[in-house]
Amino acid sequence: MDRRIIANEEWLWGWDPTPGIVSVWAEANGRAVVWRRDPQTGVLVREQARFRPWLVLDRIDDLPGLAHRELDGPGALRYFLSAEDGTALASAICRARGVRHLRELGQESVLSLPPEEQYLVATGRTYFRDLSFSHLRRMQFDLETTGLSPEDSRIFLIAVRDPDGNTEVLEGPDEADLIRRLVAKVQAVDPDVIENHNLQGFDLPFLDHRASVLRVPLALGRIGAPGLRQRPGRRRVRYVVPGRELIDTLDAVLRYDFAARDLPGHGLKEVARHLGIAKTDRENIPGDRIFTVYQTDPDRVRRYAASDVEEVAELARMMGGAAFALATMAPRRYERLADAGAATGVIDPLLVRAYLRSGMALPSHRSGDGTAHTGAALHLFASGVARRIVKADVASLYPSLMRAYRIGPERDHLGVLLAIVDQLVERRLAAKAAARAAPPGSSAQHTHEALSAAMKLVVNSAYGYLAAGDGLTRFADVHAANEVTRRGRETLGLMCSELAARGVTLLEADTDGVYFSVPESWTEVDERRVVSEVNALLPPLVQLEFDGRYAAMLSHEPKNYALLTYDGKLLLRGVAFRSSRAEPFGEAFLKVSIARLLVGDVAGVREAYLTTVDSLRRRELTTYAVSSRVRLTKTPERYLETRVSRRELAYEAMLASGRTAWSIGDKVRVYRVNGGSAGVVEDGLDPRDYDGEHYARLLRETFAARLARAFEPDDFAAVFADPGQMSLFGRSIASISTVLTQHDT
DNA sequence: TTGTCGCGGGG
DNA sequence: GTGTACGCGACAA
């Protein structure tokens, strides 16, 4: 085989075939423990390994006598040093350079990875070879506590789900005993992976704190002394346990939403509902009510907690596959790949391993030369209502441009980044095909889809890696990044002008995609034909694809629009049309009125408006429907201090409802009560004492306003005129039509 | 009014 | 061990 191809394979997957690694724990003293699961039998084995801790330095003239190897090429980090004991090596260097820790040398002078990564890079091993996601032994647990803060609340119940899907609820008045039982359960089940939503942000810190207060040893790991260890992380400290991978589904959700941008929120319940994981009869209890409900109806809380771990298990399965697949490529722990950003978290380790494998020196991080980073193009050609909509886009535009024009980091002399992107793009096609060929719902399908998702993630972050500012990534190159975006703007411009030349009306174009409206006489065949005609004019490897067709579109602002599909479904995109804090009545009104608008039923829009105004004024809508969700950020004491100068609805509502004790972070639904006071929506109560006039005003000024671009100003005023003042407008609603306004671009 | 900061999540 | 969510409300000036 071609030597270059072999190199590329190793760059992507490492080279050591050892199968079944499910966890690695290594220490600076050169000892590593590797847990492997036999792909055939599923049996877990623990292996002790020795490795030579290593690091790479910029110079060694001050370190006479230290064994080293000089790497090839022009990179600044060129002296590879290794030793029996990494601690001794590090302290020898620190002594010579007069620092207390290697970190102080700065990343321009030293590359020093965590011990596990040293081990994986040096051996060419990766996690999970020959293993599929379903082989992993995954356990979920969820704490139910009396409050959010471990200082003044406690654990009263723990739901646990084992890898075979059995759910158990631990409870009892003795919190220390509860924690001991959780620890015993973890030891008995011996999972490879522990999962929960916001595990790192809530459950582990809470557990850690309570266990230390109660002096219960937290022996959750497979080896070593009890107690959670910590490592610094992006958002906060991350907890680590030897032998097990800690997976926080919140990380997967954030990563998913970063690309998809279609989640209503990032909470477990919202995501589970959105993805169709949640059972329809799922028990739901507002967070601040859980302990109260437990005292009168403990069964409800048991069901609630059990649903949580079951939903987490399914969510982790659906979203965890990508990180699992990444762990078969990059020399990092599975849990690190699950929470890291793709650029520094995945691509950088791949590049480092490739360079060292090739015996090449690495560039050190370097700040830019002051050249500004230039971004993508965004055009709003027209706003208002248009019909016969087509969306066309270029999948993975930036990586395609990098491949087409061979734009890579200047200092990547081996060409690893482009080689990796080339290979991932090609292999992804195979993975997608394999996923399509696999039986629906099978483990094989999950594996191929996850691999494809992982490859897409890496490919799409190759540009981000290039463009990362101010020394963030090792090979960052603002000139190369600017060349990519310049080609991107050029490509988008070409797409738009060639589409326009073929008789379509351009609506909106952003980075790599364009919405346009086609003439009335066109069929779908015509629509597809122009897309493929324009595609033929684009650079090789850059593929313009027909992404969808819609009956109508309300274009409000860039990235804020509504689409009506040909089978009558309404899609709302952008913050103007979906806000988690919006009052339910407003969301409902938007849905109905825009649906009417997009079928050309202006009278129906008016009708929806009148009905809503009327129901608000008569208080026919529930109190819940007008309430909005708020998060309390001040303690009662702190609010009382500022109350004289500034009254806030949420806290006034709490006080008016007699709820004088609350904690920071509590979420409640509040509303404006008739007469100027405020109220909290209590479980199961519906007092209907809200200020209908206030909400009628909100309807017009906040919600109806989002349809403003659909009409001429006078017509807008007529459609949304107050029912009492209709006579001011002499014209009939039926004669009003929607408009599309062209903008200069 | 305009600018800056912190949040999202978890009970 | 690396960070660049990104859009919104709260708070200060």
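Since the structure is predicted, the reported quantities are computational estimates derived from the model, not experimental observations. So that the names make sense, note that chain A is the first sequence line, chain B the second, and so on, each numbered from 1.
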* Atom P, compared across C:dT4 and B:dC5: separation rounded to whole Å -> 14 Å
Taken to the nearest whole Å, CG/A:L254 to P/C:dG3 is 15 Å
Requested in this report: Would you indicate what A:L143 reaches in the nucleic acid, counting non-hydrogen atoms under 4.0 angstrom: base, sugar-phosphate, or nothing?
Outcome: sugar-phosphate
note: A:F202, atom CZ; B:dG10, atom P; distance rounded to Å ~ 10 Å
Under 4.0 angstrom, heavy atoms only, what part of the nucleic acid is A:N196 near: base, sugar-phosphate, or nothing?
nothing
Closest to the side chain of A:R336, out of C:dG1, C:dT4, B:dG10, is C:dG1
query = So, A:D297 and A:R302, do they make that salt bridge, N to O below 4.0 Å?
reply = no
A:Y256 atom OH is separated from C:dA5 atom C1', nearest whole Å, by 16 Å
From CD of A:E311 across to C1' of B:dG10 the rounded distance in Å is 15 Å
Distance between the C1' atoms of B:dG8 and C:dA5, in whole angstroms?
10 Å
(request) Specify whether A:F206 and A:F202 have parallel, tilted or perpendicular ring planes, treating 30° as the upper limit for parallel and 60° as the lower limit for perpendicular. (result) tilted
Taken to the nearest whole Å, CD/A:E104 to P/C:dG1 is 14 Å
(request) Examine A:R659 relative to A:Y651 and say whether NZ or CZ is less than 6.0 Å from the centre of the six-membered ring and inside a 45° cone about the ring axis. (result) no
| task | Determine the contact category for A:R332: base if any of its heavy atoms lies under 4.0 Å from a base atom, sugar-phosphate if only primed atoms, P, OP1 or OP2 are that close, otherwise nothing. | result | sugar-phosphate
#### Entry: Check: A:E144/A:Y304 side-chain N/O donor and acceptor closer than 3.5 Å
no
A:L55 CG to C:dG1 C1', in whole Å, measures 15 Å
A:L250 atom CG is separated from B:dC7 atom C1', nearest whole Å, by 13 Å
Base, sugar-phosphate, or nothing for A:L268, non-hydrogen atoms under 4.0 angstrom?
sugar-phosphate
C:dC8 and B:dG9: how far apart are their P atoms, nearest whole angstrom? 15 Å
Nearest-nucleotide check on DNA chain C, A:H266 vs A:D348; residue mapping nearer the 5' end is A:D348
Quick note, A:D308 side chain, CB onward, closest among C:dG1, C:dT4, B:dG11 is B:dG11
To the nearest angstrom, the CD-C1' distance between A:E151 and B:dG11 comes to 14 Å
> Hey, what's the ring geometry for A:F80 with A:W54, parallel, tilted or perpendicular (30° and 60° as the breaks)?
Replying inline: parallel
